[in-house]
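Computed from a predicted structure; not experimentally measured.
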Amino acid sequence: MQNEHERAESVGEGRVWDAVVVGGGINGAGIARDLAGRGLAVLLVEQDDLASHTSSASTKLVHGGLRYLEHYEFALVRKALAERELLMRAAPHLIWPLDFVMPHAPTMRPAWMIRAGLFLYDHLARRRWLPASRALDLRRHEAGRALQPRYARGYAYADAWADDARLVVANAIGAAAAGAGVLTRTRCVRVRRDGAQWRVRLAPAAGGAERELRARALVNAAGPWAARFLADAAGARDGRGLRLIKGSHIVVRRRFGHPMAYILQCPDGRIVFAIPYEGEFTLIGTTDVEYHGPIGEASIDEAELRYLCDRVNDYLAQPVSPADVVWAFAGVRPLLEGDSSDPSALTRDYALELDTAGGAPLLNVWGGKLTTYRRLAEEAADLLAPRLGARRGAWTAGVPLPGGDLARWLGRPARHPDQDFEDFVGVLAARHPQVAPSLVRRLARAYGSTAADLLAAPLGAAVAPGVHEAELAHLRACEWALAGDDVLWRRSKLGLHLSRGEAQAVHDWMAREAPAGVPLDSFASSDLRD
């Protein structure tokens with residue numbers, strides 16, 4: 001691995017990148033992976049940690065969006081449903097099936113409307129692994145025991161759950177493995193066209209010398225910062241209209257013992273999810289609130305907290321109060337401007353705008369959602385790659401993400417993604433009987449097939465219960481984790497499980513082991529192309 005000086009030189013003035021992608025959320029990481037896999041020299045630049053903001057603050061679902069059907073978003077739902085099972089196959093360790101139960105509240109939506117919506121949801125895209133929707137008698141079904149007795153009927157359907165932040169990291173790892181550079185904690189402070197190239201000025205977030213590099217194309221995938229990036233860094237006057245909508249979530253101790261989630265209809269026409277989370281908890285969200293504050297500082301407010309508690313208390317037998325909340329998080333979603341004043345009615349679709357009027361191409365990414373990130377990245381690369389001379393076309397639809405290829409460990413071809421994962425856990429547990437089964441499962445969930453390499457080497461000393469030096473060293477060297485929060489709240493959710501003292505031990509280890517200053521590309525840096 002190169003030292004810091006060598007890494008700095010690898011992105012300095014002496015080289016020209018094919019594309020610089022600004023924004024290390026799910027869309028930016030996905031685009032960088034796709035472009036790099038087409039043989040292009042790509043640099044991904046993120047001002048904070050990967051998935052620091054919107055992409056780690058989602059409801060963590062890979063889904064079509066059942067309620068979008070009410071707004072006639074049939075094309076978006078079809079596109080998202082088609083991606084759902086494709087992503088399950090690409091990353092069975094990070095994305096897995098989840099059944100949802102909708103208690104029927106007759107005052108909200110009539111039964112015929114729910115049945116019609118579920119019929120469309122079942123048939124808008126092909127399903128290979130997920131079951132069809134069905135009616136439930138909640139007086140007899142286990143899902144009814146956690147609900148108030150007045151809910152006698154309900155409906156069930158299947159979608160998928162995702163580890164959103166790790167999905168971003170997996171895409172960044174895939175980009176780096178294909179030769180891309182990845183710079184975290186590096187801000188793109190100024191860009192300008194210079195004929196057929198861009199001059200891109202970068203500044204380490206912790207201070208230090210700025211440096212300028214050249215690129216043949218620029219991708220603005222800055223999410224909620226996209227319009228501001230155009231104005232501040234590029235000096236552009238006009239940008240696509242975005243509505244910044246804050247979505248907040250709360251986490252409480254587990255409110256039901258079964259593995260299904262609830263989708264709860266609300267009096268204002270919205271829905272709130274109550275989802276099994278991290279084994280011991282229930283995740284509740286989300287809100288839709290117009291946001292005008294600092295984008296990177298969004299947090300839940302008292303009204304949102306009370307709203308989420310009140311909405312689940314309309315349904316659950318065991319009430320939730322603000323005092324029960326053990327963690328809360330909020331993110332700002334950049335939604336395309338629409339005619340509705342209701343934030344929940346705004347589309348979750350995306351728009352791509354390619355600007356070549358000034359010479360060097362500029363691709364702006366507006367909007368989007370977690371489920372459609374791969375499709376967005378593919379469409380973005382289809383627009384940009386031919387202009388950069390890429391010979392390879394679209395390729396990501398059938399290729400596993402890093403850690404997602406489990407077949408070689410199973411002694412058989414891939415079958416159902418969820419069963420493949422369970423069989424993989426069994427293989428790891430049998431090979432490492434000295435390791436606690438809970439740790440084997442956690443490592444398999446987080447790293448997929450890479451967990452086999454972690455377990456094959458000495459785990460080292462325990463920094464905190466179930467957290468060993470070898471894993472932290474891997475996160476620092478291979479996943480751009482530099483601080484305790486990178487580990488505890490994005491690469492994992494260990495922050496929920498460890499005591500304050502145990503979490504502090506992780507912070508201390510990362511602070512001791514992190515290299516001085518702000519390291520540049522820390523994964524596959526020796527593979528960067530000239």
Leu242 and Ala226 have their tightest heavy-atom pair at CD1-CB, 4.5 Å
Just wondering, more than 12 heavy atoms not from Phe74 lying within 6.0 Å of its CZ?
-> yes
Validation row: Leu69, Leu124 side chains within 4.5 angstrom (heavy atoms) = yes
Are the aromatic ring centres of Phe421 and His93 under 6.0 angstrom apart?
-> no
Please confirm whether Tyr121 and Tyr157 have ring centers closer than 6.0 angstrom.
-> yes
Write down the atom of Glu502, the atom of Ala464, and the distance for their closest heavy-atom approach.
-> O-CB, 3.8 Å
Backbone of Ala165 reached by a side-chain donor or acceptor of Lys60 within 3.5 Å | no
Mind checking the CG-CG spacing from Leu167 to Leu50? Nearest 0.5 Å is all I need.
-> 12.0 Å
Would you name the heavy atoms of Leu370 and Ser58 that are closest together and state the gap between them?
-> CD2-OG, 4.2 Å
Give the minimum heavy-atom separation between Ile95 and Ala160, together with the two atoms involved.
-> CG2-CB, 3.9 Å
Check the side chains of His249 and Thr59 for a donor-acceptor pair under 3.5 angstrom, ignoring hydrogens and angles.
-> yes
Does Met88 reach the side chain of Val62, with side-chain heavy atoms less than 4.5 Å apart?
-> no
side-chain contact (heavy atoms from CB on, under 4.5 Å) with Gln318: which residues, sequence neighbours excluded?
-> Arg255
Can you find a pair of side-chain heavy atoms, one from Glu479 and one from Tyr447, that are under 4.5 Å apart?
-> yes
Which value, rounded to the nearest 0.5 Å, describes the distance between Asp301 atom CG and Lys246 atom NZ?
-> 4.0 Å
Not counting sequence neighbours, list each pair that qualifies as a salt bridge (Lys or Arg N to Asp or Glu O under 4.0 Å) and has a residue in residues 74-87.
-> Lys79-Asp349, Glu83-Arg374, Arg84-Asp159
Under the side chain to side chain contact (heavy atoms under 4.5 Å, CB included) criterion, do Lys369 and His63 qualify, and how do the steps go?
-> CA-CA 10 Å; Lys369 61 188 296 243; His63 65 145; 3.8 Å; yes
Inspect the contact between Arg306 and Glu302 and indicate whether a charged nitrogen and a carboxylate oxygen are less than 4.0 angstrom apart.
-> no
Main-chain N/O of Asn313 paired to Gln148 side chain as donor or acceptor, under 3.5 Å | yes
Go through Glu290 and Ile245 one step at a time and tell me if the side chain to side chain contact (heavy atoms under 4.5 Å, CB included) criterion holds.
-> CA-CA 5 Å; Glu290 200 93 30; Ile245 306 300; 4.0 Å; yes
Distance (rounded to the nearest 0.5 Å) between Arg145 CZ and Phe256 CZ = 13.0 Å
Would a 4.5 Å heavy-atom cut-off, applied to side chains only, mark Asp49 and Arg491 as touching?
-> yes
Between Ala446 and Leu94, which heavy-atom pair has the shortest distance, and what is it?
-> O-CD2, 3.8 Å
Stepwise, does the side chain to side chain contact (heavy atoms under 4.5 Å, CB included) test hold for Trp395 with Asp34?
-> CA-CA 8 Å; Trp395 64 277; Asp34 195 310; 3.5 Å; yes
Does NZ or CZ of Lys493 lie under 6.0 Å from the centre of the six-membered ring of Phe329, at an angle within 45° of the ring axis?
-> no
Hits for side chain to side chain donor-acceptor pair (under 3.5 Å) against Asp418, two or more places apart or cross-chain, chain-then-number order -> none
For Thr450 and Asp453, test the side chains for any donor-to-acceptor distance below 3.5 angstrom and give the result as yes or no.
-> no
Short question: side chain of Thr282, backbone of Val252 - any donor-acceptor pair under 3.5 Å?
-> no
Is the side chain of Thr184 donor-acceptor paired with the backbone N or O of Glu46 at a distance under 3.5 Å, no angle test?
-> no
Cut-off 3.5 Å, side chains only: do Asp405 and Ser449 have a donor facing an acceptor?
-> no
Rounded distance [0.5 Å steps], CH2 in Trp225 versus CG in Leu244 | 10.0 Å
Do any N or O atoms from the side chain of Thr287 and from the backbone of Ser248 form a donor-acceptor pair under 3.5 angstrom?
-> yes
Residues Arg254, Glu278: salt bridge by 4.0 Å N-O rule = no
Does the His123 side chain pair with the main chain of Phe119, one donor and one acceptor, at a distance under 3.5 Å?
-> yes
Side-chain donor/acceptor of Ser55 to backbone N/O of Ile26, under 3.5 Å = yes
Any donor-acceptor pair under 3.5 Å from Asp122 side chain to Ala132 backbone | no
Main-chain N/O of Gly466 paired with Arg442 side-chain donor or acceptor, under 3.5 Å = yes
What is the distance from atom OG of Ser56 to atom CH2 of Trp489, rounded to the nearest 0.5 Å?
-> 11.5 Å
Side chain to side chain, Val506 and Leu494, heavy atoms closer than 4.5 Å | no
Crowded around Arg150 CZ? As in, over 12 foreign heavy atoms under 6.0 Å?
-> yes
Any chance CZ of Arg412 has more than 12 other-residue heavy atoms, nucleotides or ligands included, within less than 6.0 Å?
-> yes
So, is the end of the Arg311 side chain (NZ or CZ) under 6.0 Å from the ring centre of Tyr315 and within 45° of the ring's axis?
-> no
In this structure, CG of Leu136 is separated from CD of Glu142 (nearest 0.5 Å) by 10.0 Å
From the list Ile173, Leu44, Leu401, side chain to side chain contact (heavy atoms under 4.5 Å, CB included) partner of Arg33 resolves to Leu401
Min side-chain heavy-atom separation Arg270-Tyr307 under 4.5 Å | yes
Given Leu443 and Leu428, is the side chain to side chain contact (heavy atoms under 4.5 Å, CB included) satisfied, shown in steps?
-> CA-CA 10 Å; Leu443 295 178; Leu428 287 185; over 6 Å; no
Heavy-atom pair of closest approach, residues Ala444 and Val425 | CB-CG2, 3.9 Å
Are Leu147 and Leu316 side-chain neighbours, meaning at least one heavy-atom pair lies under 4.5 Å?
-> yes
Check whether more than 12 heavy atoms from other residues, nucleotides or ligands sit under 6.0 Å from atom CZ of Arg431, and answer yes or no.
-> no
Strictly by modelled atom types, are Tyr373 and Asn171 linked by a side-chain donor-acceptor pair under 3.5 Å?
-> yes
Please tell me if the side chains of Asp486 and Leu475 come closer than 4.5 Å, counting only heavy atoms from C-beta onward.
-> no
